[in-house]
Undergrad: 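Attaching a single structure in structure tokens format; questions to follow.
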Amino acid sequence: MTGLHAPTLLLVVVITSFAWAVALACVAWPRKKDLMSCALAMALHGVAYVCFAQTGKAPPFVPVVLGNAALLACLVTLVEVFLVLRATQTWRGWWLPLTALPLTLAFFQSPDDLGFRVALASVVYGGLCMGMGWLLWRPHPALPGRGRFITLSGVTLVLLIFVLRLHGALTERHPALSFHDASFVQSLTIMAALVGMSLLVLGVVLMSEERLATALVRSHTNHRLLVENASEGIVVVQGGRVQFANPMLLSLLGYAAEDVLAQNLLQFVHEDDRVKAQETYQLREQGLAQGVKYPLRVLTRDRGTRWFEISGTHFDWEGRPATLNFLTDIQDRVEMENQIRSMAYHDSLTQLPNRMLMLDRLEQALANHKRLPRYGALMFLDLDNFKPVNDAHGHVAGDLVLIEVAQRLLRCVRETDTVSRFGGDEFVVMLADLHADRLTSMAQARSVADKLLRTLSEPYHLSVPQDDGSVRAVMHECSASIGLVLFCNETGREDHLLQQADWAMYRAKEAGRHTIVVGEAQTGETVCA
């Protein structure tokens, strides 16, 4: 049976091999190492058939040694691809003994040795094909789907070539093995090589794409699980409207998805924080303010206004600019910070400002009075007859008296005034923004001081808890000694003003208690008006 024109078939194989090599290299560059290795294998396959086509034209060394060396390297490269994909543990130089094939053939270049050469090469190449078949036969995640079966079909077809060649060599049908013959067997083997290698490479490409698709699905699933199970709220905002909100954010807000999606983000932000939220969103949409964190108040459905910390970054959502934002509920942290701040600046028993906060507010008042000349008043109070309540009824009763004193003082002054406890039974009251005229301001301050004195002198009716759980009614009477000084814009003299008021209070004690003493003006005192 006459075959096709062998040189033409060889040219087709060469062109197809190099075409596959170039296409695979373009697809594989720069990350797909398996496809790049296949590109190299197909290039070597093309080189091998270029050498085989030189039979009778070039020295025997070219088709016999170089051609078989290229074909051997092609098959070894393919085997190495599947070993790597399956992560099969093997000696890295396993292919080194196979280099003996081209070396051996270098000594058998005569046409009389054709049968031996073909038989030896077919055994080696067939063994490599069987190795590839064994690696492909067993299922493996790196060799998924139909691509594995297509590759296995190609390997099987190439193996049949070498089986057919081995049969020809063993039966000494040498003409059927010559590339100059147009025999049916020769045409069949060349066509089988062309189709088999093409199927092999096509299968590898399909497996690579299926691995990529599987990896994308797995990555998408993992990211979805991460987002859905994240411990912080995640929201995508595009054009100022919510495009995505994860379950944690919906839970924190107390809304259903349909109540949030497509809504303006600012409607969930406290009105005092909307300007800041809008400005930051616009910066992030422009690629600025990436990773910037800031606190803001969020309006929840069933938990009122809560503090959140928000951060975010710019990214593309369905092909359009958007921001990816992360929200963390910091309400507990804010409350704890406020509590710590309150403990640092307030008396733990009466909850009044302590000495530190009073000095700060006095400093602010002096600065304000410098801009708008007005007088203020500072009153230093010390309770009279306070120690007997501790001695007679215990410190619990004394604490109840101090708490009641604090409440009475607060009822006697304006909300803009400051009442503080300096410790023990000492209190300080600051009246700010009285009047620009000194005499008028003094009259106003004396009026408040008289009111304080009367109020503090009223009897204290206490309910003192006992160790057995009962409550004992106790009545205690005490008064106060008050030292009063006016101030205007004496910035930087806070301690001096307190010292003046303290001295005036001690003079009130010496004057018989239950009285008010006004501190005398000091040399260099500033006049407001």
Side-chain angles (χ1 to χ4, degrees), residues 344-347 350-384 405-406 408-456 479-511 513-529:
Y345 291 100
H346 290 79
D347 173 56
T350 62
Q351 302 304 311
L352 294 176
N354 59 14
R355 181 187 184 94
M356 185 181 300
L357 185 54
M358 167 58 80
L359 287 171
D360 181 70
R361 292 186 179 178
L362 179 57
E363 181 182 359
Q364 293 179 22
L366 292 173
N368 291 335
H369 290 186
K370 191 170 186 179
R371 292 192 299 271
L372 182 62
R374 284 180 177 274
Y375 280 96
L378 203 62
M379 289 179 274
F380 208 109
L381 296 85
D382 186 87
L383 298 180
D384 303 325
V405 168
R408 293 184 185 186
L409 291 176
L410 289 172
R411 289 195 295 267
C412 292
V413 299
R414 302 166 298 179
E415 290 185 1
T416 56
D417 299 327
T418 300
V419 178
S420 68
R421 182 190 177 199
F422 266 36
D425 58 347
E426 294 181 336
F427 295 82
V428 173
V429 176
M430 182 186 72
L431 309 178
D433 298 325
L434 293 177
H435 199 274
D437 178 69
R438 180 181 179 82
L439 293 178
T440 302
S441 298
M442 178 60 74
Q444 292 174 338
R446 282 300 303 256
S447 175
V448 174
D450 289 337
K451 184 178 180 180
L452 293 177
L453 198 61
R454 290 193 306 271
T455 301
L456 296 180
S479 59
S481 298
I482 302 177
L484 184 154
V485 294
L486 289 183
F487 63 84
C488 184
N489 54 11
E490 300 93 335
T491 54
R493 302 183 64 194
E494 296 83 9
D495 289 332
H496 174 70
L497 290 172
L498 283 170
Q499 189 178 42
Q500 281 187 310
D502 191 25
W503 286 345
M505 182 272 294
Y506 275 108
R507 290 199 296 273
K509 290 277 190 185
E510 293 171 354
R513 304 183 179 186
H514 187 62
T515 189
I516 302 169
V517 171
V518 178
E520 297 179 358
Q522 301 296 313
T523 303
E525 180 183 3
T526 307
V527 178
C528 286

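As a basis for the values below, the full set of heavy atoms in this structure was taken, side chains included, without hydrogen atoms, waters or symmetry mates.
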Undergrad: Nearest heavy-atom pair of A508 and S481: which atoms, and what distance?
TA: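 That would be CB-CB, 3.9 Å.
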Undergrad: Distance-only, no hydrogens or angles: does the N354 side chain make a donor-acceptor pair with backbone N or O of A344 under 3.5 Å?
TA: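 Such a contact is found between N354 side chain and A344 backbone.
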Undergrad: I'd like to check E494 versus L497 (side-chain heavy atoms, cut-off strictly below 4.5 Å). Are they in contact?
TA: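 No, too far: nothing below the 4.5 Å cut-off.
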Undergrad: Check whether any side-chain N or O of R361 sits under 3.5 Å from a backbone N or O of D417 as a donor-acceptor pair, and report yes or no.
TA: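 No: the side chain of R361 does not pair with the backbone of D417.
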Undergrad: Any side-chain donor-acceptor pair under 3.5 Å between D495 and Q499?
TA: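 Note: D495 and Q499 side chains miss the donor-acceptor criterion.
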Undergrad: Inspect the contact between D384 and K509 and indicate whether a charged nitrogen and a carboxylate oxygen are less than 4.0 angstrom apart.
TA: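 The answer is yes: the pair qualifies as a salt bridge.
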Undergrad: Measure across A377 and A445 and return the closest heavy-atom pair with its distance rounded to 0.1 Å.
TA: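 In terms of heavy atoms, the two residues are closest at CB-CB, 3.6 Å.
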Undergrad: With respect to L352, which candidate in T418, V405, L357, V419 satisfies the side chain to side chain contact (heavy atoms under 4.5 Å, CB included) definition?
TA: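 One option only clears the test, and that one is V419.
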Undergrad: How long is the gap from CG on L456 to CG on L383, to the nearest 0.5 Å?
TA: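 L456 atom CG to L383 atom CG measures 6.5 Å (nearest 0.5 Å).
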Undergrad: Do R446 and V518 have side chains that get closer than 4.5 Å, going by heavy atoms?
TA: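 Contact flag for R446/V518 side chains = yes.
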Undergrad: OG/S447 to CG/L431 distance, rounded to the nearest 0.5 angstrom?
TA: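 Answer rounded to 0.5 Å: 10.0 Å.
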Undergrad: For the atom pair CE (M505) and CZ (R513), what is the distance rounded to the nearest 0.5 Å?
TA: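 One finds 10.5 Å between CE of M505 and CZ of R513.
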Undergrad: Could you pull out the closest heavy-atom pair between G519 and R507, with the gap in Å?
TA: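 For G519 versus R507, the nearest heavy atoms are CA-NH2, 3.7 Å.
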Undergrad: So do L362 and F487 actually touch side chain to side chain, heavy atoms under 4.5 Å?
TA: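 Side chain of F487 against side chain of L362, heavy atoms only: contact under 4.5 Å found.
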Undergrad: Could you tell me the separation between the CG atom of L453 and the CE atom of M379, rounded to the nearest 0.5 Å?
TA: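 So the CG of L453 and the CE of M379 are separated by 11.0 Å.
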Undergrad: Rounded to the nearest 0.5 Å, how far does CG of L366 lie from CD of Q364?
TA: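 One gets 10.5 Å once the value is rounded to the nearest 0.5 Å.
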Undergrad: Report yes if some heavy atom in the side chain of L498 is under 4.5 Å from a heavy atom in the side chain of L378; otherwise report no.
TA: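 In short, these two side chains touch, coming nearer than 4.5 Å.
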Undergrad: Tell me which one of V428, L409, L484 satisfies side chain to side chain contact (heavy atoms under 4.5 Å, CB included) with L381.
TA: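 The single option meeting the side chain to side chain contact (heavy atoms under 4.5 Å, CB included) with L381 is L409.
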Undergrad: With a 4.5 Å cut-off on side-chain heavy atoms, are M442 and Y375 touching?
TA: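 Heavy-atom side-chain distance check fails, nothing below 4.5 Å.
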Undergrad: Return the minimal non-hydrogen interatomic distance between H369 and R374, and the atom names on each side.
TA: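 Shortest heavy-atom separation between H369 and R374 comes out as ND1-O, 3.1 Å.
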Undergrad: Output the distance between atom CZ (R493) and atom SG (C488), rounded to the nearest 0.5 Å.
TA: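 R493 CZ to C488 SG: 11.5 Å, rounded to 0.5 Å.
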Undergrad: Would you call the rings of F380 and F422 parallel, tilted or perpendicular, taking 30° and 60° as the class edges?
TA: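 If you compare the ring of F380 with that of F422, the planes turn out perpendicular.
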Undergrad: Tell me the closest heavy-atom pair linking H435 and D437, and the distance in Å.
TA: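 Heavy atoms of H435 and D437 come nearest at ND1-N, 2.9 Å.
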Undergrad: Which atom names give the shortest non-hydrogen contact between C412 and L452, and what distance separates them?
TA: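 Between these two residues, the closest heavy atoms are CB-CD2, 3.3 Å.
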